[in-house]
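These notes are about the structure you will find just below.
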Amino acid sequence: MDMDPHEHRSSAGFPVDQPLDALKADHSFVRQLFERYLSTHDMKVKQEAGPRILELLDMHANLEETVFYPKVHEADPSLVDHCEQEHQEARQLMDQLSAMTVGDAQYDQLMTQLRDSVMHHVESEEQSLFPKVQQSNIDMMALGVQMQAFEASMVSSQARSSDQSTRRT
């Protein structure tokens, strides 16, 4: 399985006319990474998948918190607030995992907790929030363009950071 967190979408890239599809693709990809991580005892696979999961979740959460949630808040304010609270809970687990090394005694247990938390959140979004967003009068094309621009900026910043750290070594 390809571990690049941006290669899980079609070759057409970010679907600006269907931004919910982009979020669903992220959900699907992280679900696959969790399964890959949690279904193996191969430490090399875990060392590759663990950090990728955290990276993808961080980028996905930033996209939702910065662009998506503010733009769709009017569709159901209490549900969006609940989703943001779920992000904070997931970030606490992610922070704990980031401070650890894959293979530490509690790493797999925390990764399982994170998966459970994230999958519950995904279900809330896909079953409750996304249908409300689709039924609202939100301009999906404008939302998709903003999400695409934000994601492109994150990817570019990440590439520059990675390039700079590579040059230092």
* To do: Might you confirm whether atom CD of Glu123 has over 12 heavy atoms from other residues, nucleotides or ligands at distances under 6.0 Å?
  => no
* Structure fact -> When rounded to the nearest 0.5 Å, the distance separating NZ of Lys71 from CG of Leu143 is 8.0 Å
* Asked: Hey, what do you get for CD (Gln148) to CG (Asp17), rounding to the nearest 0.5 Å?
  -> 10.5 Å
* To do: Determine whether Met154 and Phe150 make a side-chain contact, defined as any pair of heavy atoms from C-beta on separated by less than 4.5 Å.
  => yes
* So, for Tyr37 and Gly50, which heavy atoms are closest and what is the spacing to 0.1 Å? -> CD1-N, 3.8 Å
* Determine whether Met94 and His87 make a side-chain contact, defined as any pair of heavy atoms from C-beta on separated by less than 4.5 Å. => no
* Closest heavy-atom pair and its distance - Ala142, Asp139 -> N-OD1, 3.1 Å
* To do: Under the salt bridge (Lys or Arg N to Asp or Glu O under 4.0 Å) rule, collect the residues that match up with Lys132, sequence neighbours excluded.
  => Asp76
* Structure fact -> When rounded to the nearest 0.5 Å, the distance separating CD of Glu84 from NE2 of His121 is 9.5 Å
* Asked: What's the shortest heavy-atom distance between Val80 and Val72, and which atoms?
  -> CG2-O, 3.9 Å
* **Non-hydrogen side-chain atoms of Glu74 and Asn137 separated by less than 4.5 Å** => yes
* Closest contact, heavy atoms only, Leu129 versus Tyr69 -> CD2-CE2, 4.0 Å
* Side-chain touch Leu114/Leu57, heavy atoms, less than 4.5 angstrom -> yes
* Glu35 backbone acceptor or donor facing Ser39 side chain under 3.5 Å -> yes
* Asked: Hey, what do you get for CD (Gln18) to CE (Met141), rounding to the nearest 0.5 Å?
  -> 8.5 Å
* Reported NE2-to-CG distance for the pair His73 and Asp81, which is rounded to 0.5 angstrom -> 4.0 Å
* Could you walk me through whether Arg52 and Arg36 pass side-chain contact (heavy atoms from CB on, under 4.5 Å), step by step? => CA-CA 11 Å; Arg52 288 290 188 201; Arg36 181 173 185 169; over 6 Å; no
* Return yes if some donor-acceptor pair links the side-chain N/O of Asn62 with the main-chain N/O of Asp58 below 3.5 Å, else return no. => yes
* Tell me the salt bridge (charged side-chain N to carboxylate O under 4.0 Å, His left out) pairs involving residues 98-110, sequence neighbours left out? -> Lys46-Asp108
* Going by heavy atoms in the side chains, are Leu20 and Phe68 under 4.5 Å from each other? -> yes
* Is a donor on one side and an acceptor on the other found under 3.5 Å between the side chain of Ser153 and the backbone of Ala149? -> no
* Minimum side-chain heavy-atom gap Val30-His60 below 4.5 Å -> no
* Does Ser28 reach the main-chain N or O of Lys24 with its side chain, forming a donor-acceptor pair under 3.5 Å? -> no
* **Beyond-backbone contact of Ile53 with Phe34, side-chain heavy atoms, under 4.5 angstrom** => yes
* Asked: Yes or no on side-chain contact (heavy atoms from CB on, under 4.5 Å) for Leu110 and Gln113, after CA distance, side-chain angles and deciding distance?
  -> CA-CA 5 Å; Leu110 287 174; Gln113 286 181 300; 3.0 Å; yes
* **Glu125 and His27: side chain donor to acceptor below 3.5 Å** => yes
* To do: Could you check if a side-chain atom of Met140 sits within less than 4.5 angstrom of a side-chain atom of Pro19, using non-hydrogen atoms only?
  => yes
* **Interatomic spacing from CG in Leu23 to CD in Glu64 - rounded to 0.5 Å** => 5.0 Å
* **Any donor-acceptor N/O pair, Ser136 side chain to Val133 backbone, under 3.5 Å** => yes
